[in-house]
Amino acid sequence: MRGVDLKTLFVYCSDDDAVNVLCNESALKNRDTCAFELACRKGKNAFSRYLGANKNRSCVYSDAYAVDVAEYDKLIFACGEFMGEIPAELISFISKCDLRYKDIDCIVFGDGRNARRATDAVKVCVSLSGGTVRNAVNISVRELKRESEDVLFSVRHRLAV
């Protein structure tokens, strides 16, 4: 008897186009995974994007990004980090979603102390939206690019899920 296939939503946001391509290819390899890329605000420097004067760092959020997360059994959020901060696009997306009773996996592209701070920031955003972060992992961007790794496979391998 075959187990029930779980539908997964993989939401990712990174300034690095190569990382975005790797995330998209990874989602395409998994039949039950839907990929959703949050467009980064190009043309702004990293300091104004992540550490702007507006403390809540709200960004323009289009209804085109409206996704019904209730349709999915599993959610995975992935993002890049800058000096321990996560992109405003992901913060805005998470704040617009009703994540009650959802278990979420988080991926932060980076390593070191700043990546751990960014992971904590994602956990806080998710918990404020009613969700629970089940697993969180940091992946080095350099390692991903060098190995051209399958992002989701790499995360499952690291978490031994």
Side-chain angles (χ1 to χ4, degrees), residues 4-44 46 49-50 52 56-82 85-110 115 118-141 143-145 147-159 161:
V4 177
D5 291 332
L6 300 176
K7 277 182 69 175
T8 302
L9 177 64
F10 181 42
V11 179
Y12 59 94
C13 178
S14 177
D15 290 337
D16 194 331
D17 291 333
V19 171
N20 286 331
V21 168
L22 287 172
C23 287
N24 191 31
E25 289 174 356
S26 178
L28 290 174
K29 290 178 184 177
N30 296 301
R31 182 174 44 102
D32 297 322
T33 301
C34 297
F36 185 68
E37 178 182 359
L38 295 174
C40 288
R41 292 182 294 173
K42 302 290 184 184
K44 292 203 172 244
R49 277 196 63 229
Y50 291 85
N56 65 3
R57 297 187 317 276
S58 62
C59 66
V60 177
Y61 186 81
S62 169
D63 286 337
Y65 289 140
V67 174
D68 186 13
V69 295
E71 296 177 11
Y72 298 95
D73 302 310
K74 184 176 179 183
L75 300 172
I76 301 172
F77 295 136
C79 66
E81 60 88 19
F82 180 75
E85 298 290 329
I86 59 175
E89 294 85 2
L90 185 63
I91 293 170
S92 181
F93 180 82
I94 291 172
S95 67
K96 302 290 189 227
C97 293
D98 180 16
L99 301 177
R100 285 181 291 179
Y101 312 115
K102 293 284 185 184
D103 287 331
I104 293 119
D105 294 329
C106 297
I107 305 166
V108 175
F109 301 115
T119 302
D120 291 340
V122 174
K123 289 178 181 179
V124 167
C125 287
V126 168
S127 67
L128 289 174
S129 291
T132 304
V133 175
R134 185 180 60 168
N135 296 311
V137 66
N138 299 332
I139 300 176
S140 170
V141 173
E143 180 183 334
L144 275 177
K145 287 181 185 179
E147 302 295 330
S148 296
E149 278 196 67
D150 181 343
V151 177
L152 294 176
F153 177 78
S154 176
V155 169
R156 287 187 187 107
H157 177 68
R158 290 168 195 250
L159 297 174
V161 174

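All values below were derived from every heavy atom in this structure, side-chain atoms included, with hydrogens, water molecules and symmetry-related copies excluded.
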Of the non-hydrogen atoms in Cys106 and Val122, which two are nearest, and what is the gap between them?
SG-CG1, 3.3 Å
To the nearest 0.5 angstrom, please state how far the SG atom of Cys34 sits from the CG atom of Leu75.
11.0 Å
Consider side-chain contact (heavy atoms from CB on, under 4.5 Å). Of Val11, Val151, Ile107, which one does Ile76 pass it with?
Ile107
Taking all non-hydrogen atoms of both residues into account, name the closest pair between Gly110 and Glu81 and its distance.
CA-OE2, 4.3 Å
What residues, two or more places apart in sequence or in another chain, satisfy side chain to side chain contact (heavy atoms under 4.5 Å, CB included) together with Ala70?
Asp68
Look at the side chain of Lys74 and the backbone N and O of Lys102, then say whether any donor-acceptor pair between them is shorter than 3.5 Å.
no
side-chain hydrogen bond (donor to acceptor under 3.5 Å, both in side chains) against Thr8, all qualifying residues, sequence neighbours excluded
none
Just verifying a value: how many Å separate Asn24 CG and Lys29 NZ, rounded to the nearest 0.5 Å?
11.0 Å
Distance from Cys23 atom SG to Glu37 atom CD, nearest 0.5 Å?
8.5 Å
So does Ala88 get a backbone contact from the side chain of Ser92, meaning a donor-acceptor N/O pair under 3.5 Å?
no
With rounding to the nearest 0.5 angstrom, report the CZ to CG distance, Phe109 to Asn138.
10.5 Å
Correct closest heavy-atom pair for Cys97 and Ser129 would be O-CB, 3.9 Å
The side chain to side chain contact (heavy atoms under 4.5 Å, CB included) partners of Ser127 (sequence neighbours excluded) come to none
Does the gap between the ring centers of Phe36 and Phe93 come in under 6.0 Å?
yes
Separation of Ile94 CD1 from Cys125 SG (nearest 0.5 Å):
5.5 Å
Candidate pair Thr132 and Val126, rule side-chain contact (heavy atoms from CB on, under 4.5 Å), full reasoning
CA-CA 7 Å; Thr132 304; Val126 168; over 6 Å; no
Let me confirm one number: the CZ-OG distance from Phe10 to Ser26, rounded to the nearest 0.5 Å.
5.5 Å
Asp103: partners by salt bridge (charged side-chain N to carboxylate O under 4.0 Å, His left out), with sequence neighbours left out:
none
Contacts of type side chain to side chain contact (heavy atoms under 4.5 Å, CB included), residue Ala121, not counting sequence neighbours:
Ile86
Tell me whether Ser14 contacts the main-chain N or O of Gly80 through its side chain, where contact means a donor paired with an acceptor under 3.5 Å.
no
Side chain to side chain contact (heavy atoms under 4.5 Å, CB included) partners of Asp120, counting only residues at least two apart:
Lys123
Run the side-chain contact (heavy atoms from CB on, under 4.5 Å) test on Val141 and Val19 for me, step by step, so that the C-alpha distance in whole Å, both residues' side-chain angles and the decisive distance to 0.1 Å come before the verdict.
CA-CA 7 Å; Val141 173; Val19 171; 3.8 Å; yes
Using a strict 4.0 Å threshold on nitrogen-to-oxygen distance, state whether Asp32 and Lys7 make a salt bridge.
no
List the steps and the verdict of side-chain contact (heavy atoms from CB on, under 4.5 Å) for Phe77 and Leu99.
CA-CA 12 Å; Phe77 295 136; Leu99 301 177; 4.2 Å; yes
